[in-house]
Amino acid sequence: KEYPTRTIEVAVIAYYHGLVALRKDADQSILLRIKSLMTYDVEFIACTNTMNSKNWKEEDMIDDISYVRSGLSEVLERTIAGWIVIHP
């Protein structure tokens with residue numbers, strides 16, 4: 001809400017322990033917040049390396065997210081492309 005529509009892009013890249021937030025069986029308050037952020041075009045991206053190591057499948061994850069092989073590599077690629085990294 002802070003910025004006019006389509007003036008910035010925000011992506012949340014989830015890997016390792018953070019990936020649990022994108023599972024369908026995650027805490028409902030977390031899922032509601034994620035769905036709310038999606039209405040503002042925040043992109044959520046899951047690391048399939050982490051998913052594979054935990055034996056999770058795409059059907060375990062919430063709808064409308066993207067997937068990349070390596071979450072950390074995606075952070076690096078976006079940083080090189082000029083994105084600003086904000087850590088929680």
Side-chain angles (χ1 to χ4, degrees):
K1 294 180 184 179
E2 192 70 26
Y3 299 95
T5 304
R6 301 183 197 279
T7 58
I8 63 169
E9 294 178 78
V10 177
V12 176
I13 302 168
Y15 56 90
Y16 199 52
H17 292 309
L19 193 57
V20 71
L22 299 182
R23 285 182 52 92
K24 288 179 182 174
D25 60 358
D27 181 270
Q28 287 302 305
S29 63
I30 294 171
L31 293 176
L32 286 172
R33 183 69 177 141
I34 290 171
K35 289 296 183 185
S36 173
L37 290 169
M38 286 177 158
T39 66
Y40 293 99
D41 294 326
V42 173
E43 181 182 12
F44 286 84
I45 303 168
C47 171
T48 60
N49 282 345
T50 300
M51 290 172 59
N52 292 338
S53 71
K54 295 178 178 284
N55 294 315
W56 295 351
K57 307 290 182 217
E58 285 188 21
E59 51 269 11
D60 298 323
M61 311 307 284
I62 62 174
D63 296 330
D64 303 320
I65 63 173
S66 301
Y67 299 90
V68 294
R69 175 177 285 170
S70 170
L72 287 175
S73 294
E74 184 70 12
V75 171
L76 179 60
E77 294 286 332
R78 288 183 184 232
T79 302
I80 291 168
W83 286 63
I84 297 169
V85 177
I86 301 172
H87 298 277

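Please read these numbers as outputs of a predicted model, since none were measured by experiment. Numbering of residues begins at 1 and proceeds along the displayed sequence. Basis for what follows: all heavy atoms, side chains included, without hydrogens, waters or symmetry-related copies.
Legend: side-chain hydrogen bond (donor to acceptor under 3.5 Å, both in side chains) pairs involving residues 78-88, not counting sequence neighbours, sorted by first then second residue: Glu43-Arg78, Glu74-Arg78.
Hydrophobic clustering (side-chain heavy atoms under 4.5 Å, transitive across Ile, Leu, Val, Met, Phe, Trp, Tyr) groups Val20 together with Met51. Phe44 and Val68 fall into different hydrophobic clusters, where Ile, Leu, Val, Met, Phe, Trp and Tyr residues are linked whenever their side-chain heavy atoms come under 4.5 Å apart, directly or through other members. Cluster membership check: Tyr15 does not share its hydrophobic cluster with Ile80, using side-chain heavy-atom separations under 4.5 Å among Ile, Leu, Val, Met, Phe, Trp and Tyr. Hydrophobic clustering (ILVMFWY, side-chain heavy atoms < 4.5 Å, transitive): Leu37 and Leu22 are in one cluster. A single hydrophobic cluster is seen to contain both Ile30 and Trp56, as judged by linkage of ILVMFWY side chains at heavy-atom distances under 4.5 Å, directly or through other members.
Here the straight-line distance linking atom CG of Asp60 with atom CG of Asn55 works out to 10.0 Å at 0.5 Å rounding. Note that NZ of Lys35 is 5.0 Å distant from CD1 of Ile62, once rounded to the nearest 0.5 Å. For the atom pair CD (Glu9) and CG (Asp41), the distance works out to 9.5 Å, reported to the nearest 0.5 Å. Ser73 contributes atom OG, which lies 8.0 Å from atom CG of Asn49 (distance to the nearest 0.5 angstrom). In this structure, CG on Leu31 lies 5.0 Å from CD on Gln28, to the nearest 0.5 angstrom. Atom CZ of residue Arg33 and atom CG of residue Asp27 lie 13.5 Å apart, to the nearest 0.5 angstrom.
Other residues, nucleotides and ligands place more than 12 heavy atoms under 6.0 Å from the OH atom of Tyr67. Counting heavy-atom neighbours within 6.0 Å of Ile84 CD1, excluding the residue itself, gives a total of 12 or less.
Residues passing the side-chain contact (heavy atoms from CB on, under 4.5 Å) test with Val10, sequence neighbours excluded: Ile8, Val42. With sequence neighbours left out, the side-chain contact (heavy atoms from CB on, under 4.5 Å) criterion links Thr39 to no other residue.
Between Cys47 and Leu19, the shortest heavy-atom contact is O-CD2, 3.6 Å. Ile34 and Ala21 make their closest contact through CD1-O, 3.3 Å (heavy atoms, listed as atom of the first residue, atom of the second, distance).
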Applying side-chain contact (heavy atoms from CB on, under 4.5 Å), run through Lys24 and Met61 and close with a yes or a no.
CA-CA 5 Å; Lys24 288 179 182 174; Met61 311 307 284; 5.8 Å; no

